[in-house]
Amino acid sequence: WRAVPPGAAFLALGMVATRSEEPPPPHAMCCVPRRWCVRDAERPRAIWKDSGGAGRPGSIWATGIQLQLMLAVLGHAPPPADLAWRLGTDRWYAVPERLRDLIETVDPRASMVGGGWTPREAEAATTSADGWLASKKLELQARQPPPGSVQAS
């Protein structure tokens, strides 16, 4: 299964496999901001092909040394290049002030309702982008250890 990003500013990295024809739950995959990603220059590696099997031809590929993402395609040819992406850096930080443009392009209530929230809960949690950004900033600050403290590893 391939995730459908909520807009052009986002990408789905890799795919999700299931053991049935039922789609995975919406929270099984996440999309990331496109600006955090670059095209993966490495060629995908075939990890399984159904050669000799019954049914439609298909294959599974691994892409990227960084994330080891799975890509599945019909047939045995490598997946198209537009499916192979990786994060542009190994370290990045989600600074709330730098996410404003992404928050305003997506209605977060859509994923919340699909993720098990009731429409009323989603509406209350997202009354404004500013309120959401402020709550995320407080969450990040609460997770930071106080200066001079020691964290267990």
Results of side chain to side chain contact (heavy atoms under 4.5 Å, CB included) for C37 - residues two or more places apart only: L11, L13, V32, W85, L87
Side chains of S59 and W61: is there a donor and an acceptor less than 3.5 Å apart? yes
Residues R39 and A81: closest non-hydrogen pair is NH1-O, 3.3 Å
Kindly write out the residues that satisfy side chain to side chain contact (heavy atoms under 4.5 Å, CB included) with R2, not counting sequence neighbours, or none if the list is empty. M15, L83
Shortest non-hydrogen contact from P5 to C31? CA-SG, 3.6 Å
Hey, does R86 have a side-chain heavy atom less than 4.5 Å from the side chain of V38? yes
Rounded to the nearest 0.5 Å, what separates atom CD in E21 from atom OG1 in T18? 8.0 Å
Within residues 22-37 or reaching into it, pairs that qualify as salt bridge (Lys or Arg N to Asp or Glu O under 4.0 Å) - sequence neighbours excluded: R35-D101
Which ILVMFWY residues are connected to M29, directly or by a chain of links, through side-chain heavy atoms under 4.5 Å apart? V16
Acceptor/donor pairs from residues 67-80 side chains to any protein atom, 3.5 angstrom cut, sequence neighbours excluded:
residue : atom : partner : partner atom : Å
Q68     : OE1  : R45     : NH2          : 3.1
Q68     : NE2  : G64     : O            : 2.9
H76     : NE2  : D50     : OD1          : 2.8

List in chain and number order the residues that pass ring pair (Phe, Tyr, Trp, His ring centres under 6.0 Å) with W1, two or more places apart in sequence or in another chain; answer none if no residue qualifies. none
